[in-house]
Amino acid sequence: MNAHRHLKLTESLSSERSTALARRPAKAEAEAAIRTLIAYAGDDPAREGLAGTPERVARSFDEFYAGYFEDPVAILQRTFEEIEGYDELVLLRDIPFVSHCEHHLAPIIGRAHVGYLPRARVVGISKLARVVEVYARRMQIQEKMTAQIANTIQHVLEPLGVGVVIEAEHHCMTTRGVGKPGVTMTTSTLLGAFRDNAETRREFQLLIRG
């Protein structure tokens with residue numbers, strides 16, 4: 001990619017990670033906050049069954065939101081140029097993920113389909129799944145997550161186009177509020193040839209349907 005754009009994107013993501021680390025409270029503060037929430041819910045945080053819950057919840061936050069401290073650009077850095085002229089669609093389908101909505105911290109459980117049309121190089125397919133994971137492990141709205149994945153792949157790999165489709169169930173809707181279980185939300189971001197070329201877009205859409 002353009003060296004200036006690459007530097008700007010890398011610096012922006014580095015700044016985001018630094019800010020996340022700088023504003024992160026101590027683990028003891030997090031555990032105290034969880035005890036407060038347990039009491040707010042109406043239970044006794046000191047009773048036997050809940051005594052270890054604040055520590056366990058804090059550890060689960062380390063896992064749920066690890067994406068704030070990972071660099072999706074670095075994940076995509078190692079590419080392969082010996083592709084024998086391959087210039088057809090590369091697609092990774094049905095990548096499972098768990099995220100959390102930024103409005104209620106309720107789970108978003110779904111799958112992502114990620115495709116790109118290589119220009120001169122490809123990336124290991126596990127790296128595409130890892131980029132999905134980095135953005136999923138943050139407080140999100142699905143629309144933003146879809147765009148983040150597509151834009152990062154486009155910026156780093158500079159392919160002819162990128163397509164990302166995400167299908168997910170939002171527990172903030174299915175287990176509370178309107179209470180409609182089984183409803184799935186679908187979002188997509190199409191860049192380059194996936195947006196401009198009807199045949200490429202059609203091939204991508206057919207392939208993700210299996």
Side-chain angles (χ1 to χ4, degrees), residues 1 5 9 12-13 16 64-65 67-68 70-73 75-76 79 86-175 177-178 180-210:
M1 66 189 295
R5 287 173 57 207
L9 181 61
S12 173
L13 291 170
E16 286 178 8
F64 292 156
Y65 305 115
Y68 288 113
E70 297 184 57
D71 182 356
V73 170
I75 289 169
L76 293 170
T79 59
Y86 184 85
D87 59 358
E88 298 295 328
L89 176 63
V90 176
L91 173 66
L92 202 59
R93 198 178 70 188
D94 294 324
I95 306 167
F97 72 87
V98 177
S99 190
H100 289 82
C101 86
E102 62 186 40
H103 300 138
H104 304 93
L105 300 189
I108 302 171
I109 300 175
R111 55 185 183 161
H113 315 290
V114 178
Y116 70 99
L117 201 59
R119 188 185 300 274
R121 54 199 176 119
V122 298
V123 69
I125 58 173
S126 67
K127 304 301 189 293
L128 298 177
R130 284 189 63 196
V131 169
V132 171
E133 195 73 0
V134 166
Y135 285 117
R137 290 184 181 273
R138 301 181 182 190
M139 299 173 196
Q140 283 288 7
I141 61 170
Q142 185 174 323
E143 297 92 333
K144 179 182 176 182
M145 177 180 162
T146 308
Q148 286 175 323
I149 294 166
N151 288 333
T152 299
I153 294 169
Q154 183 68 39
H155 278 311
V156 180
L157 298 185
E158 291 190 308
L160 296 171
V162 176
V164 176
V165 172
I166 292 180
E167 303 165 301
E169 182 175 303
H170 292 241
H171 284 226
C172 59
M173 176 180 172
T174 63
T175 64
V178 71
K180 297 296 181 184
V183 175
T184 299
M185 177 177 177
T186 301
T187 51
S188 67
T189 295
L190 304 175
L191 303 175
F194 287 78
R195 178 187 289 271
D196 302 332
N197 186 303
E199 191 60 38
T200 300
R201 183 168 59 251
R202 189 177 303 112
E203 180 186 5
F204 176 64
Q205 292 168 340
L206 286 171
L207 284 173
I208 65 175
R209 291 179 192 143

[Y] side chain reached by [X] side chain, heavy atoms, under 4.5 Å:
| X | Y | result |
| --- | --- | --- |
| Leu117 | Phe204 | no |
| Leu191 | Val164 | no |
| Tyr116 | Gln154 | no |
| Gln148 | Val131 | no |
| Leu89 | Thr200 | no |

[atom1]/[X] to [atom2]/[Y] distance, rounded to the nearest 0.5 angstrom?
| X | Y | atom1 | atom2 | value |
| --- | --- | --- | --- | --- |
| Thr184 | Ile166 | OG1 | CD1 | 13.0 Å |
| Lys144 | Asn151 | NZ | CG | 12.0 Å |
| Leu128 | Ile75 | CG | CD1 | 10.5 Å |
| Glu143 | Met185 | CD | CE | 3.5 Å |
| Lys127 | Thr79 | NZ | OG1 | 11.0 Å |
| Leu160 | Asn197 | CG | CG | 10.0 Å |

Is the side chain of [X] donor-acceptor paired with the backbone N or O of [Y] at a distance under 3.5 Å, no angle test?
| X | Y | answer |
| --- | --- | --- |
| Thr152 | Val73 | no |
| Gln140 | Tyr135 | yes |
| Ser99 | Ala136 | yes |

(message) Using the rule side chain to side chain donor-acceptor pair (under 3.5 Å), only one of Arg209, Glu167, Arg93 pairs with His113; which is it?
(response)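 That would be Glu167.
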
Closest non-hydrogen atom pair between [X] and [Y], with its separation:
| X | Y | value |
| --- | --- | --- |
| Phe97 | Ala168 | CZ-CB, 4.0 Å |
| Thr189 | Ala150 | CG2-CB, 3.6 Å |
| Ala106 | Cys172 | CB-N, 3.5 Å |
| Gly163 | Leu190 | CA-CD2, 3.9 Å |
| Val165 | Ser188 | CG2-CB, 3.8 Å |
| Arg138 | Gly67 | NH2-O, 2.8 Å |

(request) Check the surroundings of atom CD1 in Ile125: do more than 12 heavy atoms from other residues, nucleotides or ligands lie under 6.0 Å from it? (result)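 No, because the 6.0 Å sphere around CD1 of Ile125 holds 12 heavy atoms or fewer from other groups.
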
(request) Would you mind checking if Glu133 and Arg130 are paired as a salt bridge, meaning a charged N to carboxylate O distance below 4.0 Å? (result)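 Looking at Arg130 and Glu133, the cut-off is not met.
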
(request) Step by step, work out the side chain to side chain contact (heavy atoms under 4.5 Å, CB included) result for Val132 and Met145. (result) CA-CA 8 Å; Val132 171; Met145 177 180 162; 4.2 Å; yes

(message) My understanding is that only residues two or more places apart in sequence, or in another chain, count here; which of them pass ring pair (Phe, Tyr, Trp, His ring centres under 6.0 Å) with Tyr65?
(response)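 With neighbours one apart ignored, the set is Phe61, His100.
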
(request) Indicate whether any N or O donor in one side chain lies under 3.5 Å from an N or O acceptor in the other, for Gln142 and Thr187. (result)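 A pair is found: one side chain offers a donor N or O, the other an acceptor, under 3.5 Å apart.
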
